[in-house]
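Keep in mind that the numbers below use all heavy atoms, side chains included, and drop hydrogens, waters and symmetry copies. In what follows, chains are A, B, ... by sequence order, proteins preceding strands, each numbered from 1.
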2 protein chains.
Amino acid sequence: MSVVWERPEPSRRHRPLLDRPAIVAAAGALADAGGLDAVTLRGVAARLDVLPMRLYRHLDSRDDLLDLLADATCGEIALPAAGVGDWRARLRALAAATVLVARRHPWYVSLLGSRPPYGPHGLAYQEWLFAALDRPGLAVTELMHAADAFLGYLIGQLHLELLRVPAGATAHVPAPAQLSYLARAVAGGRHPTLARIFTEGRQLHATEAFEAGLEIVLDGIAARLT
Amino acid sequence: MSVVWERPEPSRRHRPLLDRPAIVAAAGALADAGGLDAVTLRGVAARLDVLPMRLYRHLDSRDDLLDLLADATCGEIALPAAGVGDWRARLRALAAATVLVARRHPWYVSLLGSRPPYGPHGLAYQEWLFAALDRPGLAVTELMHAADAFLGYLIGQLHLELLRVPAGATAHVPAPAQLSYLARAVAGGRHPTLARIFTEGRQLHATEAFEAGLEIVLDGIAARLT
DNA sequence: TCCTTATCGATACGCTGTATCAGTCACGGT
DNA sequence: ACCGTGACTGATACAGCGTATCGATAAGGA
């Protein structure tokens, strides 16, 4: 039906303690502590010392809450100063700022991939990205394709990064059960290339993998932009 | 703890009607009908005409079920014949086969981005991908980076594709509420580049966007492989 | 001062994943 | 042939979830 960001908050005649920023902040704290599953309306309400149904004066549903949380977290991404450096440097800086927030709030990655980025901060982010790529005489289609490739890689790679750090494992230290299973599965001989990688290749550092892939994408964009 | 694919199914002394493939098939049917949310243990059990707790002889949790569903759906991806064409053609074919399945089962996209691809079909998929990129003398690191960029883009772009087809809208026909909201939000003047794209740029066809971005990534890989 | 209307607090419903436990059936050893 | 044993089933139960509903309440306008 309607869109969260166009629904006004109620005039607070009664009590000033509850507004959307407070609710979203509580939700974010819960997410940081226990992942998105921990963001329950009851949990948020309890953290604000309020009854659950009170939240429905500010939200229509839990989906609204997650939309607001996604946009608020997007707002945490510090957009670099516009217009400095060439487009490559600008895109690198944007990616770095995004990854920074995504590493601080792992749950944000799945929001990023599943919620339309149409909140105020999401729009600002997109505006910055398109402006960074834009140049006089560039066809709109080319612009969209380049932004698409960049965003697609960014979102996908962040997902992959989380997959490599399975639950219950500290960063860069895979869960031993999964690792030994992999060794066994690959040892069967039916996956020779995987086996080679598994034995020869050292574990990829997340940052290294991200940046290498990013350069690949930037190279591809460069080939199209000239 | 342990990994689903290494846990044996129980010896079926009593009844032959229930095994993992049947359970996963039921789960897939439910997902096709109502998305991942519709895949509940009670729903799967009802569809198999069985009491819910019976499933726990074959699974440890709902997470197991989703892991199995993800791998089974990965198995639907028809891996092209190995070794035909150059690496570019091979990667294009793999991407096309993947997108085909993802479009048939939209829910698969979020599984793809959130479940480790370590089931038998997932391993086969990765083996195919790495083998398609491999060549004599290529450093393992380069191989990993290229595969990483490809997979990252693939997963991210599929997510983006779903975001552009919001719930309640048929494919390529955005929900009108969201569209008119966007028009209003962009008209504020604070997003000039977005505004230009919104008015000048025609709606991107999903397939076109995907393929354009893929070529960008392939170009980038080519620049690194030589 | 009274009425209207927005807000609050509480209760309740249907749904979820899954722990528990008593009953039952099929098999293996003797 | 029998019977103990252990695997498997079916039923019930519990805590948690999102949220619909509704009477009580308190504030603002006349």
Worksheet item: To the nearest angstrom, how far is Asp64(A) atom CG from dG18(D) atom P?
Response: 13 Å

Discussion item. Applying salt bridge (charged side-chain N to carboxylate O under 4.0 Å, His left out), can you list everything that pairs with Arg196(A), at least two apart in sequence or on another chain?
Written reply: Glu200(A), Asp134(B)

Worksheet entry | Side-chain donor-acceptor pair present, His105(B), Glu76(B), cut-off under 3.5 Å | yes

Practice prompt. Grab the CG-P distance between Leu18(A) and dA6(C) for me, whole Å please.
Written response: 19 Å

Check nucleotides 13-17 of chain D against the protein and report each pair of N or O atoms closer than 3.5 Å, with its distance, or say if there are none.
residue: dC17(D); atom: OP1; partner: Thr40(A); partner atom: OG1; Å: 3.3

All N/O contacts under 3.5 Å from nucleotides 21-24 of chain D to the protein, with atom names and distances to one decimal?
none

Discussion item. Please list all pairs meeting salt bridge (charged side-chain N to carboxylate O under 4.0 Å, His left out) that have one or both residues in residues 110-124 of chain B, counting only residues at least two apart or in different chains.
Written reply: Asp63(B)-Arg115(B), Asp67(B)-Arg115(B)

Worksheet item: Between Trp107(A) and Asp32(A), does any side-chain donor sit less than 3.5 Å from a side-chain acceptor?
Response: yes

Fill in: Worked check of ring-ring contact (aromatic ring centres under 6.0 Å, His included) between Tyr153(B) and Phe150(A)
CA-CA 8 Å; Tyr153(B) 170 75; Phe150(A) 174 82; over 10 Å; no

Discussion item. Expressed as a whole number of angstroms, how long is the span from Leu65(B):CG to dG17(C):P?
Written reply: 9 Å

Discussion item. Could you work out, with salt bridge (charged side-chain N to carboxylate O under 4.0 Å, His left out) as the rule, every residue matching Arg190(B), not counting sequence neighbours?
Written reply: none

Worksheet item: Roughly, in whole Å, what's the span from CG in Asp60(B) to P in dT18(C)?
Response: 9 Å

Worksheet item: What integer distance in Å separates Arg54(A):CZ from dG18(D):P?
Response: 18 Å

Practice prompt. Mind calculating the distance between CG (Leu51(B)) and C1' (dC8(D)) to the nearest angstrom?
Written response: 13 Å

Worksheet entry | Distance-only polar pair, side chains of Ser61(B) and Tyr56(B), donor-acceptor under 3.5 Å | no

Practice prompt. Before giving the answer on side chain to side chain donor-acceptor pair (under 3.5 Å), spell out for His145(A) and Glu208(B) the whole-Å C-alpha distance, their side-chain angles and the decisive distance to 0.1 Å.
Written response: CA-CA 9 Å; His145(A) 288 169; Glu208(B) 175 202 336; 3.2 Å; yes

Worksheet item: Given atom CG of Leu30(B) and atom P of dC15(C), what is their separation to the nearest angstrom?
Response: 15 Å

Discussion item. Given dA10(C), dA11(D), dT19(D), identify the nucleotide with an atom nearest to the side chain of Ser61(A).
Written reply: dT19(D)

Worksheet entry | Asp37(A) CG to dT18(C) P, straight-line distance once rounded to whole Å | 12 Å

Practice prompt. List for me each residue that meets side-chain contact (heavy atoms from CB on, under 4.5 Å) alongside Arg90(B), sequence neighbours excluded, and say none if there are none.
Written response: Trp87(B), Trp128(B), Ala132(B)

